[in-house]
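The structure appears below as structure tokens.
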Amino acid sequence: MEYGPSPESNADVVQWLDRHGRRFGHFIEGRFVTPDGRPAIPVRNPATGEDLATVVCGSAEDVDQAVRAARKAFGAWSRLPGHERALHLYAIARHIQKRSRFLAVLETMDNGKPIRETRDLDIPLAARHFYHHAGWAAVLEDEFPGYGPLGVCGQVIPWNFPLLMLAWKIAPALAAGNTVVLKPADLTPLSALAFAEICQEAGLPAGVVNIVQGDGGTGAWLCGHSGVDKVAFTGSTRVGRLIREQIAGSGKRLSLELGGKSPFIVCEDADLDAAVEGVVDAIWFNQGEVCCAGSRLLVQEGIAGRFYQRLRQRLDTLRVGDPLDKSTDVGAIVSAAQLQRIQGLVQQGLDEGGVLWQKAGPLPAQGHFITPGFFTGTDASATVCQEEIFGPIAVSMTFRTPDEAVLLANNTRYGLAASIWSENINVALDMAARVKAGVVWVNATNLLDAGAGFGGYRESGFGREGAREGMYEYLAASWEAAPDVGAGAGVDAGADAAGAGVGATDAGAAGAGAEIEAGAGPVAALCAAPAGLAPMAGPAVDRTAKLYIHGRQVRPDGGHYYSVLGPQGQVVGQAGLGNRKDIRNAVEAAAKAGGWSAMAAPARAQVLYFLGENLAARSEDFARRLVGDAGASPDRAREEVRAAIRRTFYYAAQADKFDGAVHATHSRHVTLAMHEAYGVMGLVCPQAAPLLSLVSLILPAIAMGNRVVAVPSAALPLFAMDFYQVLDTSDVPPGVVNLVTGDGASLAGTLAGHAEVSALWYAGSAADCALVERAAAGNLKACWAVGSRDWLDLQQGQGRAYLRHAVQVKNIWIPYGA
Ligand code: NAD
Ligand code: MN
């Protein structure tokens, strides 16, 4: 069928560009500033090659000025009641809607994407994001009691969804009470400036939103600026890794939304017509320049021939061309460089034996266009099957069984999204559980909404955007706000701090005693009669702690031990000096203990209750050790032991209660926000409250189904020996908890660099944190610095924050209702 051209008018945008003299700068403290002497970045329309304007490339001073403005605005903005911030966000949302046609045309001209998509998707979703987060601002005090903003956020976004990515960054930051400095991509700087105008029109206080234009260097200045408290980035995995390394040890919070190579799985019982349309939306939408694009088609063998045939037919009906034309399906690639990159990868796919199916027909004579298509016959190890093409070209492979589909799906270093097509709910949900991806669409693809979390597993980054889980990326607990990257507090500090926590702990312990009276005599006895402990003498020097790996006490690989000194400098025992090999063995043991993650939550809870009982039975030993090794007073020692027992029961209770949510999104789906274990976690424990802190880190991690490799404090490692005896008697399966003692910093470095470890909690000096966070950039593991805190305190030492850091949220969209 032939269509006549039906271009959207760009008159408004041309007028707007002219009004600004086609030269743009930054938006700082509520004003547009165009400093002299900065390099100019050309802004091009990729569909025509036409120069639209120039923007200045921000310098370090420009960044500094913007960060100062954001800091200045922070106090008043963060003190506004949530409902007043909500009014500002509502106003922005309404202005975006009012200017939606203008914004859609502007975005299309700058980026090259079809007007149909900017009009129906980019702009409405951006407005929706501000509406949704206006709501979070309004209910903030209710929904996040005890939490507040982080400060100034430095945000860097890519060019594929310029305004939408801006909305994803700015809306939650502002809702939580932060102020921001945002750097758009140098290829698509314009819609951010239109947004800045909206901020002015809507009366947003000066300095709350600042936009600095520039390239990667400008972005690096922003991320590295000492006045920035939180960095949020969306873009390539390469740059995400650079940023992780750059800000290691700074104490800044970080969220990363990176690349993907997401599977699109078509089972033989799928609705093939719907699945074909799904592919259109998965990989040919937005020219394939989509981080969550369904770029790896996995098709069940029996239907592959038929499916490919239909796909080729559908491909031929796609209209490639003028993005401003309302009937265009596929527009221009964002830049000549990106086009070359895609063409290079396509050539590589051909060289590696792939068969390329492309739409027939010519491309526009000018502009950066490429014909959409897909490869068949590519090997799973081929470059095009592993690398993000970021263009409208999918690769395709076949599978025989659902098991094989899951294996193929997870055969990538990424884990952003997955799309699963099957009419059989059992098959679809079984796969949804097993794919390693932060977002899963069942019989759908590329559904995005502010009400659902979005973000990756593995090298697709960490952190979520949207929904409740996204809000936490911009909030800190009030007790967290104090800088906490210092050295793990010494025993003395811990003992001092204990005073404050005693009352609360006492009350709680009594409660716990009542709760478990029925089955757990020792705990009840301990809580009822704390004075029943035997006199505490320093122990003899005959204790040698081995390492604990896969449920067994093992000698350290190097065969070395070190002397552990007591409070008076006397030797109180020997501990194994673990090395890299020991860490690797421990990680291997943890990796093999996957059964723990698969176990039903109530069954895990049962094991943890039993652990609590056995800990209680050994409470005298632990208290004595705290006196002898750590120099605690008998009272303080009992307090700590009681708190550790109580904490164990708390996490046993939470094992089947810290569950996910069903999000309310704009379409007819139940969107399950599942809490999934990371898998293998590394825990580097502090020295303060050595028993309690060990328990405080291990328990939430394993309660949520993780298996852990813990490095007990080097100065006080002997508690670990007592603890593994408790583990031995508690039905904790081998490999779920592994303990490696030795030099904390170097073991932490090995853990941080290990590709099998997906998340890491660590205490240590700022220098140790820097080392760990740099090493963690390798596989982009999620890091959480648990610096000095009062472990006895019920807010600081336990709670939902620990559980939240022990899971990653997987959002699964399932069709629901007609
Ligand atoms: P990029 O990661 O280089 O750019 C993204 C943003 O980061 C831009 O604003 C850029 O100016 C900025 N930036 C670059 N270097 C920086 C640094 N060292 N510190 C701080 N900020 C920095 O992406 P790109 O070069 O535009 O595209 C390259 C590839 O990245 C694409 O082909 C695609 O595979 C991938 N990509 C992914 C996404 C996504 O949404 N996940 C988006 C864009 C590109
Ligand atoms: Mn452009």
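Both ligands and their constituent atoms are indexed starting at 1 by order of listing. Hydrogens, waters and symmetry mates play no part in the numbers below; they use all other heavy atoms, side chains included.
Of the candidates Asp122, Asp329, Asp322, Asp329 is the only one forming a salt bridge (Lys or Arg N to Asp or Glu O under 4.0 Å) with Arg116. Of the candidates Gln155, Glu465, Lys230, Lys169, Ser255 forms a side-chain hydrogen bond (donor to acceptor under 3.5 Å, both in side chains) with just one, namely Lys230.
The distance between the ring centers of Phe195 and Phe130 falls below 6.0 angstrom. Centroid-to-centroid, the aromatic rings of Phe24 and Trp16 come within less than 6.0 Å. For His225 and Trp221, the gap between ring centers reaches or exceeds 6.0 Å.
On a distance-only criterion, Arg238 and ligand 1 share no N/O pair closer than 3.5 Å. Checked against a 3.5 angstrom limit, the closest N/O atoms of Lys183 and ligand 1 fall inside it. Considering backbone and side-chain atoms together, Leu258 places an N or O closer than 3.5 Å to an N or O of ligand 1. Checking only distances, Ile157 does come within under 3.5 Å of ligand 1, N or O to N or O. Residue Gln338 has at least one N or O atom closer than 3.5 Å to an N or O atom of ligand 1.
When every heavy atom of Ala293 is checked against every heavy atom of Gly288, the shortest pair comes out as CB-O, 4.2 Å. Closest of all the heavy-atom pairs between Asn178 and Leu150 is OD1-N, 2.6 Å.
With a heavy-atom cut-off of 4.0 Å, Leu187 does not touch ligand 1 at all. Neither the backbone nor the side chain of Met165 has a heavy atom within less than 4.0 Å of ligand 1.
Taking every non-hydrogen atom of Gly235 and a distance limit under 4.0 Å, the qualifying atoms of ligand 1 come out as 2 (O), 37 (C), 38 (C), 39 (C), 41 (N), 42 (C). Of all the atoms in ligand 1, the ones that sit under 4.0 Å from a non-hydrogen atom of Val156 are 6 (C), 7 (O), 9 (O), 12 (C), 21 (N). For ligand 1 and Ala185, the ligand atoms under 4.0 Å from any heavy atom of the residue are 9 (O). Atoms of ligand 1 found under 4.0 Å from any heavy atom of Thr234 (numbered from 1 in listed order, with element): 40 (O). Within ligand 1, the atoms closer than 4.0 Å to a non-hydrogen atom of Asp215 are 11 (O), numbered from 1 in the order shown. Close approach of ligand 1 to Glu388 (heavy-atom distance below 4.0 Å) involves ligand atoms 33 (C), 34 (O), 35 (C). For ligand 1, the atoms closer than 4.0 angstrom to any heavy atom of Gly219 are 19 (N), 20 (C), 21 (N).
By the 6.0 Å and 45° rule, Lys113 stacks over the aromatic ring of Phe161.
Note that atom 32 (O) of ligand 1 has protein non-hydrogen atoms nearby, at separations under 4.0 angstrom.
Closest to atom 16 (C) of ligand 1 among all protein heavy atoms lies Val239 CG1, 3.4 Å. Nearest non-hydrogen protein atom to atom 39 (C) of ligand 1 is Cys291 CB, 3.3 Å. The single protein non-hydrogen atom nearest to atom 19 (N) of ligand 1 is Ala220 N, 3.4 Å, given as residue, atom name and distance.
With Asn410 contributing its side chain and Val435 its backbone, the two residues share no donor-acceptor pair below 3.5 Å. The backbone N or O of Glu50 sits nowhere less than 3.5 Å from a side-chain atom of Asn45 that would complete a donor-acceptor pair. At least one donor-acceptor pair under 3.5 Å links the side chain of Asn811 to the backbone N or O of Gly453.
If you check each of Trp159, Phe390, Tyr414 against atom 26 (O) of ligand 1, the one with the closest non-hydrogen atom is Trp159. Atom 2 (O) of ligand 1 has its nearest heavy-atom neighbour, among Gly216, Ser236, Pro158, Gly288, in Ser236.
By the 4.0 Å heavy-atom criterion, Phe233 is counted among the residues contacting ligand 1.
Using a 4.0 Å cut-off between charged nitrogen and carboxylate oxygen, Lys436 and Glu676 do not count as a salt-bridge pair.
His133 and His129 have tilted rings, their planes meeting at an angle from 30° to 60° on a 0 to 90° scale.
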